[in-house]
There are 2 protein chains.
Amino acid sequence: MFMFNKLHRTAEELIRHSGGRVTVGRIRILSVLLAEQQAITHREIEQRLPQTLQLDRVTLYRALEWLADKNLIHKVTSDDRAWRYHANRELHTHQHAHFKCTRCAQMICLDDLPIERSWPLPAGYRFQEIELTVKGLCADCS
Amino acid sequence: MFMFNKLHRTAEELIRHSGGRVTVGRIRILSVLLAEQQAITHREIEQRLPQTLQLDRVTLYRALEWLADKNLIHKVTSDDRAWRYHANRELHTHQHAHFKCTRCAQMICLDDLPIERSWPLPAGYRFQEIELTVKGLCADCS
DNA sequence: CAATCATTGCAACATTGTTGCGTTTATTTA
DNA sequence: TAAATAAACGCAACAATGTTGCAATGATTG
Ligand SMILES: [Mn+2]
Ligand SMILES: [Mn+2]
Ligand SMILES: [Zn+2]
Ligand SMILES: [Zn+2]
């Protein structure tokens with residue numbers, strides 16, 4: 001309860017600070033992501049939202065897009081065609097790698113992994129960013 | 001014409017060698033991939049197939065799956081939710097990174113990029129493989 | 001409180017890939 | 001070469017994930 005209220009207020013503050021409209025949907029969504037240490041899918045976010053809050057699929061998609069635009073969250077691609085979302089902490093402001101369990105599909109950020117090395121490209125190619133996913137078995141699955 | 005026939009015969013040989021049935025579909029598909037230096041999508045393969053060969057979407061999907069199982073091709077994930085396929089050469093037998101242009105979506109293999117370093121994981125996690133995509137602008141787009 | 005316009009809900013659509021099943025065909029066997 | 005067989009195929013239906021258009025709602029401001 002107490003934790004929830006704290007997260008709720010944190011989320012509200014972050015959203016208000018970003019200059020958008022403060023809606024209960026956005027607050028609840030960001031709260032869910034702040035409470036989670038993993039990167040989770042649209043579906044998983046839906047399941048973690050309070051039952052009392054009825055929220056359309058599309059609204060959830062648009063809220064997530066908005067939160068990502070405002071740099072409050074980031075989204076990660078995966079081989080199962082589903083984006084995964086995670087709240088931004090200070091650690092996450094720079095580029096970082098991710099780990100995905102090939103058995104349970106859980107995905108975590110690997111904040112310690114330095115990936116800022118120079119990646120040599122063919123002549124004429126210009127580097128923008130890197131996407132790195134280590135795959136294997138998580139502690140629970142191995 | 002000559003090139004085509006040569007690829008065609010190479011493809012046929014590879015397929016026969018893999019112990020499956022040698023069908024015109026599989027030969028044509030593998031020929032397309034052998035002729036291509038980029039990793040291309042299901043859709044793009046479809047477009048490159050000869051008009052004379054009518055081939056069902058599903059058959060193409062299943063042929064690609066079979067070719068990948070036999071290690072004649074490999075498939076690469078992307079942020080646009082579409083697998084990309086590429087013929088296996090000797091270079092590609094080991095793990096390698098890929099480059100994807102953020103403007104034209106072309107994707108190439110970065111065979112020179114050594115990614116076999118040790119990636120430190122949290123305790124209890126077990127490494128299996130790594131997926132690395134460098135994003136930026138290709139020579140044509142930059 | 002009223003005005004405004006960002007946000008939402010709903011229906012429809014798009015894309016990519018998968019599954020079930022009856023038919024065809026490549027290969028083997030006689 | 002002809003028949004038998006199992007693999008491969010075509011078709012229809014389905015599934016998962018995400019997007020678009022538009023009218024209704026509601027957060028914010030004055
Ligand atoms: Mn992350
Ligand atoms: Mn490759
Ligand atoms: Zn796991
Ligand atoms: Zn390009």
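None of these values were measured; they are calculated from a predicted model. Both backbone and side-chain heavy atoms feed into the values below; hydrogens, waters and symmetry mates do not.
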Enquirer: Which nucleotide in the list D:dG10, C:dT15, C:dA11 gets nearest to the side chain of B:Arg81?
Expert: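 Given the options D:dG10, C:dT15, C:dA11, the side chain of B:Arg81 is closest to C:dT15.
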Enquirer: How many Å lie between CG on B:Leu64 and P on C:dT16, as a whole number?
Expert: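 Going from B:Leu64 (CG) to C:dT16 (P), I get 14 Å.
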Enquirer: Using the closest heavy atom to pick a nucleotide of DNA chain C for each, name whichever of A:Leu60 or B:Gly20 lands nearer the 5' end.
Expert: A:Leu60
Enquirer: If only side-chain N and O atoms of B:Thr23 are considered, is one of them under 4.0 Å from the OP1 or OP2 phosphate oxygen of C:dT25?
Expert: no
Enquirer: Over how many whole Å does the gap from A:Arg16 atom CZ to D:dT28 atom P extend?
Expert: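 Rounded to whole Å, this separation is 6 Å.
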Enquirer: How many whole angstroms separate atom OH of B:Tyr61 from atom C1' of D:dC11?
Expert: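 Taking atom C1' of D:dC11 as the reference, OH of B:Tyr61 is at 16 Å.
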Enquirer: Under 4.0 Å between any heavy atoms, over every strand shown, what does A:Thr59 touch: base, sugar-phosphate, or nothing? Just pick one.
Expert: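 Contact class for A:Thr59: base.
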Enquirer: Any N or O donor-acceptor pair under 3.5 Å from the base of D:dG18 to the side chain of A:Arg57?
Expert: yes
Enquirer: Starting at CG of A:Asp80 and ending at C1' of C:dG17, how long is that distance when rounded to a whole Å?
Expert: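 Roughly 13 Å, once rounded to whole Å.
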Enquirer: Heavy atoms only: give me the nearest A:Arg84-A:Ala105 pair and the separation to one decimal.
Expert: NH2-O, 3.5 Å
Enquirer: Scan B:Arg62 against the nucleic acid and name what it touches under 4.0 Å (heavy atoms): base, sugar-phosphate only, or nothing.
Expert: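 Base contact.
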Enquirer: Taking A:Arg28 for the side chain and A:Pro50 for the main chain, is one N or O donor matched with an acceptor at less than 3.5 Å?
Expert: no
Enquirer: Just the rounded figure in Å: distance from P of C:dT7 to NZ of A:Lys70.
Expert: 8 Å
Enquirer: When rounded to the nearest 0.5 angstrom, what is the spacing between CZ in B:Arg57 and CD in B:Glu46?
Expert: 7.5 Å
Enquirer: Check the distance between C:dT25's C1' and B:Asp56's CG and give it to me in whole angstrom.
Expert: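 So the two atoms are 16 Å apart, to the nearest Å.
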Enquirer: I want to verify a distance call: between D:dA8, D:dG18, D:dA12, whose nearest atom is closest to the B:Trp66 side chain?
Expert: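 So the nucleotide nearest the side chain must be D:dA8.
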Enquirer: In whole Å, what is the span from the CD atom of B:Glu46 to the C1' atom of C:dG17?
Expert: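 After rounding, the reported distance stands at 12 Å.
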Enquirer: Could you check whether A:His96 and A:His86 have their ring centres less than 6.0 Å apart?
Expert: no
Enquirer: For the CG atom of B:Leu30 and the NZ atom of B:Lys70, what is their distance to the nearest 0.5 Å?
Expert: 13.5 Å
Enquirer: Check every atom of D:dT28, D:dT17, C:dT27 against the side chain of A:Arg21 and return the nucleotide holding the closest atom.
Expert: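 It is D:dT28.
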Enquirer: Would you indicate, yes or no, if D:dT17 has its OP1 or OP2 atom less than 4.0 angstrom from a side-chain nitrogen or oxygen of A:Arg43?
Expert: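 Indeed, a polar side-chain atom of A:Arg43 lies that close.
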Enquirer: To the nearest Å, how far apart are B:Glu65 CD and D:dC9 C1'?
Expert: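 My rounded result for the distance is 14 Å.
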Enquirer: How is A:Arg26 classified with respect to the nucleic acid when contacts are heavy atoms under 4.0 Å: base, sugar-phosphate, or nothing?
Expert: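 Sugar-phosphate contact only - A:Arg26 comes under 4.0 Å of backbone atoms but never of a base.
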